[in-house]
Amino acid sequence: MVPRIWTLRLYGGGFFCVGAAVAPLIQLDYEEVCSVTRGYSRDTDRKWQTRWEDTGLYQFRPERVDEKLYCLSAFSYPSGSNLHIGHWYNFGLADSWARMKRLQGYEVFEPMGFDAFGLPAENYAIQTGIHPKESTMKNIETMRYQLREMGAMFDWDYEVVTCDPSYYKWTQWLFLQMYRAGLAYRAEAPVNWCPNCMTVLANEQVVDGRCERCDGDVSHRNMTQWFLRITEYADRLLEGLDDLDWPERTKVLQTNWIGRSEGTMIRFRVAGSDEVIDAFTTRADTLFGATYLVLAPEHPAVGRLTTDEHADDVQAYREQSAAAREVDRLSTEREKTGVFTGGYARHPLTGEALPVWIADYVLMSYGSGAIMAVPGHDERDYEFAKKYDLPVPRVIAAEDPDTDDALPFTGDGVLVNSDRFDGMDSAGARRAITGQLRDLDLGDETVSYRLRDWLVSRQRYWGPPVPVIHCEGCGTVPVPEEDLPVRLPYDVDFTPKGKAPLASSAEFIDAPCPSCGEPARRDANTLDTFVDSSWYFLRYPDNRNDEQPFDSGFINRMLPVDKYVVGPEHATMHLLYARFITLVLYDLGYVDFEEPFTSLTHQGIILGPDGRRMSKSRGNVVSPDEYIEQHGSDVLRLYLAFGFKYTEGGAWEDEGIRATSRFLDRVERWIDRLDELRRENLTGETGAAGDHAVQLQYQRHYSIRKVTEDAEILHFNTCIARMMELANALYRYDSEVDDDNADLSLLEDATRDLILLMAPFAPHFAEEMWQRLGHPYSVFDAEWPQCQEEHLVRPEIEMAVQVNGKVRSTINVPSDASEEEIQKIAEEDERVQRYIADGIRKVIVVPENLINFVV
RNA sequence: GCCGAGGUGGCGGAAUUGGCAGACGCGUGCGACUCAAAAUCGCAUGGGGUAACCCCUCGUGUGGGUUCGACUCCCACCCUCGGCACCA
């Protein structure tokens, strides 16, 4: 090791310059200086990063597309803060997985890009006055630099930046394809409105009914909005989940989010008019218990139903619920309220007149916005009926007389008071009653979903403009594809005023109608950032294409993504949208696969040292930078791999990172030692070291096997443990075998394998050691080591001897011993004899594991 | 309230087609090296009992059960985290 006194670095950080600070060290002799100098450092990182870039080591070779492996990490959001530990955890270890795949012969495609549109940049701009484009581009520069320091295999030739016109041109194109296919439509809908910030908010910005930024109460406001018809794909989005290698909990989350629910739509005729009210129910069996109807206050039929006598009350209630704060409306604790409209509907089977109420516990956005209330068998209706003195009849009785079926009884049971359906069970009655309604043309089976259509328009500046022109004569006219992109103008006053900032930009808003040529106005809305990110993985492989969003032939060979590593917070938003868009593109013939992400893993979250989520306001943010500076990039990555269960994450610990730093030192010292052994010109007399060689070989191949298996399924912590064991085995061999007897070629081979196993997790370090071992550049062009099974077979096996299930002794038996021989050896064991003296009733032998005597 | 995941030493975490619980590491203690410190190396380390070795005993959230044998399977419950939440 060459001491580098002039950049001597110690734990605790900082450089010691030649001069006063180094004076206390001058008395040290050469060896002592060596012992405090670390070989691996940030300089090693830089050396290899430069070499990798100069040699284009990680450039994807499209000609090897048949061996392709598309490894995707969620691209980064260039927010004001730098790359944080979470990025490292996500990108660094996904890269480690990909590096192993490269060593196994795959042509890895590992792109990176920036999800560069969105509210945070705009909000930052509002606060500071710095234009979102400037701040975003500056942040991207910083992040590119930091990502480079990580030493991942990103091929920057395939970078994608969503706020670049060359990208959002195709986001707009995608929108237009969907518009033509009838999948994008414009409709009036209530949106989240924050009165303090004078702006609409995205759903994800509303936390428990409050504005994420100012904590103010959010209310609803009707605005004409653009939607994508994701509900039309609800069933296919459900069915597609079955074959995906995704975490089960994420599939469950998506399933619940879609919320498919089978039931019956029942038509209630309104007494004295042609009006019909549809009500969705999953409990058609309780139809005879329906005593009134409830409409959502916003229901369009309310006005027509309301009698003059009740008009004032109804109007007041509608106004009150429209103004209700989101916080209050969300509360299920709140007492239910409602008013009678004065109108009546006919029960479809009994003809009875049912009063029609309105109440805000019925949501306009689910089912048909109206329900039949069955207070005897629904808790909400029961509560409401009790309050307003409405009748509560029983129509279902428990099947088992011992069951408590006090009203409200919401379980299935046997029908009573239900005319000719009495005696039927609930499931049968649902079919029978629905059948009769169908015969009468008063209802039918139907399916409702919790999923709503995707609201994609935003009254915000920093996003792709909706590529549509509104013309007085022609109506809504899509911008012709040859006119894309519709560029986002730079000089726009984007301070929040309660309407879309683009509307105030004359330069932008005025445009001739593409259809008739008359003066018209552009749509002033921009698209939600989730639209940008719902197709970026399709753009990566063909990111320079300016003729089309991507070449279908090539994309069909590059996708689907083989491994997607993305945070669990994207389970129901991004991951659902991306699947939806892919299905749409499949239907439109642009891709030949229906699911974009074959295999998916969620990384866990690294918490602050206090065990809480890192945040600036808590002051518990751990920056990767100081650790890279102090220990080098690989130490940080290795610690993230070793210290946590990947899918769980956990609290940051400084002691842990010191441990991994120590491990790299230990391996490097072993390389020093190997050099020393090489210089001794050993004869390689292996006979005397036979047993030790067998043990080392065992550990070597066991480590190869386990690292390969565990890394495959992203169990990185156990991978590192197996590497440590191999390093320990090398040291043990060296300490137990005389130099003269050491088998140098075995040590060389085992060391080479160790470095190869470590390479995915400590890439810079491994390159350096690989070079020192005398191998040609690059370690990542070498082959992943193979486990040789014959070295895992041991001549003798240790087995536990149990008596009545308790371990009483251990014995060594030949690995080919029969059960009888094993029993004989066990019975002869001194410690065992004390317990089996009274006679053996039964013997259980588990090969290679244990023998159990039952006495 | 509903759905999902999870409770293992002082700590991070291993081990579940039922088969020696606690791999690997941190921390701690003792020892070696050193004038000394750092670094490094070695040994020990779940709790309790025992002067001590041997050994005994308890032990994977709690209480039951199945089994020769349960962290693992079954039943009931407690707690933590995540998601949804008047979805008819």
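In what follows, chains carry the letters A, B, and so on, assigned in the order in which the sequence lines appear, proteins first and then strands, with residues in each chain numbered from 1.
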Q: Counting Watson-Crick and G-U wobble pairs only, both distances under 3.5 Å, name the nucleotide matched with rG27(B), or none.
A: rU45(B)
Q: Determine, using ring centers only, whether Tyr388(A) and Trp357(A) are less than 6.0 Å apart.
A: yes
Q: Return the nucleotide paired to rC84(B): Watson-Crick means purine N1 to pyrimidine N3 with N6-O4 or O6-N4, wobble means G-U with N1-O2 and O6-N3, both under 3.5 Å.
A: rG1(B)
Q | Donor + acceptor pair across side chains of Gln823(A), Glu827(A) (<3.5 Å) | A | yes
Q: Using the C1' atom as the reference point in each nucleotide, state the distance between rC71(B) and rA15(B) in Å, no decimals.
A: 9 Å
Q.
Measuring only the C1' atom in each nucleotide, how far is rU16(B) from rC74(B)? A whole number of Å is fine.
A. 16 Å
Q: Please confirm whether the backbone N or O of Tyr40(A) pairs with a side-chain atom of Glu668(A), one donor and one acceptor, at under 3.5 Å?
A: yes
(Q) So, does Arg808(A) get its side chain near the phosphate of rC20(B), meaning an N or O under 4.0 Å from OP1 or OP2? (A) no
Q: Tell me what Val374(A) touches on the nucleic acid: a base, only sugar-phosphate, or nothing, going by heavy atoms under 4.0 Å.
A: nothing
Q | Of the listed nucleotides rC55(B), rG25(B), rA88(B), the one nearest the side chain of Tyr366(A) | A | rA88(B)
Q) Between rC56(B), rC41(B), rG25(B), which nucleotide has the shortest distance from any of its atoms to the side chain of Tyr835(A)? A) rC56(B)
Q: For Tyr731(A) and rG42(B), give me the distance from atom OH to atom P, rounded to whole Å.
A: 9 Å
Q) Over how many whole Å does the gap from Glu668(A) atom CD to rU40(B) atom P extend? A) 13 Å
Q.
Using a 4.0 Å heavy-atom cut-off, does Gly259(A) contact any base of the nucleic acid, only the sugar-phosphate backbone, or nothing at all?
A. nothing
Q: For Asn728(A) and for Thr718(A), locate the closest nucleotide of RNA chain B by heavy-atom distance; then report the residue assigned to the nucleotide nearer the 5' terminus.
A: Thr718(A)
(Q) What is the separation between atom CD on Glu648(A) and atom P on rU80(B), rounded to the nearest whole Å? (A) 18 Å
Q: Report which part of the nucleic acid Glu379(A) touches: base, sugar-phosphate, or nothing (heavy-atom distance under 4.0 Å, all strands).
A: nothing
Q.
Measuring only the P atom in each nucleotide, how far is rC26(B) from rA76(B)? A whole number of Å is fine.
A. 44 Å
Q.
Distance alone, cut at 3.5 Å: any donor-acceptor contact between the side chains of Asp235(A) and Tyr449(A)?
A. yes
Q.
Quick check on rG42(B): is either OP1 or OP2 less than 4.0 Å from any side-chain nitrogen or oxygen of Arg732(A)?
A. no
Q | Options rC3(B), rC20(B), rC24(B), nucleotide nearest the side-chain atoms of Val252(A) | A | rC3(B)
Q) Given Val803(A), which of Ile840(A), Val855(A), Val854(A) fulfils the side-chain contact (heavy atoms from CB on, under 4.5 Å) condition? A) Val855(A)
Q.
Students often mix this up, so state it plainly: with edges at 30° and 60°, are the rings of Phe716(A) and Phe761(A) parallel, tilted or perpendicular?
A. perpendicular
Q.
Expressed as a whole number of angstroms, how long is the span from Arg430(A):CZ to rA88(B):C1'?
A. 13 Å
Q: Classify the nucleic acid contact of Tyr449(A) as base, sugar-phosphate or nothing, counting any heavy atom under 4.0 Å across all strands shown.
A: nothing
Q) What does Gly369(A) touch in the nucleic acid at a heavy-atom separation under 4.0 angstrom: a base, only the sugar-phosphate, or nothing? A) nothing
Q.
With no hydrogens and no angle check, just 3.5 Å: does a side-chain donor-acceptor pair link Tyr627(A) and Trp652(A)?
A. yes
Q | Base partner of rU66(B), which must satisfy Watson-Crick or wobble distances under 3.5 Å | A | none
Q. Which glycosidic conformation, syn or anti, is assigned to rG9(B) if syn requires a torsion within 90° of zero?
A. syn
Q) How far does the P atom of rA14(B) sit from the matching atom of rA37(B), given to the nearest Å? A) 38 Å
Q | Arg450(A) side-chain N/O to rC86(B) phosphate OP1/OP2 under 4.0 Å | A | no
Q) Considering only rC86(B), rC20(B), rG4(B), which nucleotide approaches the side chain of Arg249(A) most closely? A) rG4(B)
Q. Do the charged groups of Glu262(A) and Arg260(A) touch, with an N to O distance under 4.0 Å?
A. yes
Q. If you look at every strand shown and take non-hydrogen atoms under 4.0 Å, does Asp381(A) touch a base, only sugar-phosphate, or nothing?
A. nothing
Q.
Side chain of Asn852(A) only, heavy atoms from C-beta on: which candidate in rC11(B), rG69(B), rC24(B) is closest?
A. rG69(B)
Just the table, please: protein N/O against nucleotides 72-74 of chain B N/O, every pair under 3.5 Å.
none

Q | Strand partner of rG6(B), provided both Watson-Crick or wobble distances fall under 3.5 Å | A | rC79(B)
Q: Could you work out which one of rA88(B), rG25(B), rG19(B) sits closest to the side chain of Met724(A)?
A: rG25(B)
Q: For Ser703(A) and Gln699(A), test the side chains for any donor-to-acceptor distance below 3.5 angstrom and give the result as yes or no.
A: yes
Q: Would you indicate, yes or no, if rA14(B) has its OP1 or OP2 atom less than 4.0 angstrom from a side-chain nitrogen or oxygen of Arg722(A)?
A: no
Q | Derivation of the side chain to side chain contact (heavy atoms under 4.5 Å, CB included) call for Phe288(A) and Thr286(A) | A | CA-CA 6 Å; Phe288(A) 285 85; Thr286(A) 64; over 6 Å; no
Q: Give a yes/no answer on whether the side chain of Asn717(A) brings an N or O atom under 4.0 Å of OP1 or OP2 in rA14(B).
A: yes
Q | For rC35(B), the Watson-Crick or wobble counterpart (both distances under 3.5 Å) | A | none
Q.
I'd like to know if the side chain of Lys251(A) reaches the main chain of Leu244(A), judged simply by a donor and an acceptor atom lying under 3.5 Å from each other, with no hydrogens or angles considered.
A. yes
**Q.** Distance in angstrom units between Arg662(A) CZ and rA38(B) P, rounded
**A.** 12 Å
Q) Atom CZ of Phe384(A) to atom C1' of rA88(B): distance rounded to whole Å? A) 14 Å
Q) Any side-chain N or O of Asn849(A) under 4.0 Å from OP1/OP2 of rG18(B)? A) no
(Q) Return the CG to CZ distance between Asn717(A) and Phe642(A), rounded to the nearest 0.5 Å. (A) 8.0 Å
Q | Distance below 4.0 Å between Lys251(A) side-chain N/O and rA5(B) OP1 or OP2 | A | no
Q: Write down the distance separating the C1' atoms in rU67(B) and rC56(B), rounded off to the nearest Å.
A: 25 Å
Q | Residue mapping more 5' on RNA chain B - nearest nucleotide basis, Ser368(A) or Ser809(A) | A | Ser809(A)
Q. Which is true for Leu253(A) with a 4.0 Å heavy-atom rule: it touches a base, it touches only sugar-phosphate, or it touches nothing?
A. sugar-phosphate
Q | Candidates rC84(B), rC26(B), rC20(B) - which lies nearest the side chain of Leu850(A) | A | rC20(B)
**Q.** Atom-to-atom span, CD1 of Ile258(A) to P of rC3(B) - whole angstrom
**A.** 19 Å
Q) Rounding to the closest angstrom, what is the interatomic distance between rG27(B) and rG9(B) at atom C1'? A) 12 Å
Q | Pairing partner (Watson-Crick or G-U wobble, both distances under 3.5 angstrom) of rG13(B) | A | none
Q. So, is Arg666(A) close to the rC41(B) phosphate, meaning a side-chain N or O under 4.0 Å from OP1 or OP2?
A. yes
Q.
Quick check: any donor-acceptor pair below 3.5 Å linking the side-chain of Arg283(A) to the base of rA88(B)?
A. no
Q) Between rC24(B) atom P and Leu757(A) atom CG, what is the distance in whole Å? A) 17 Å
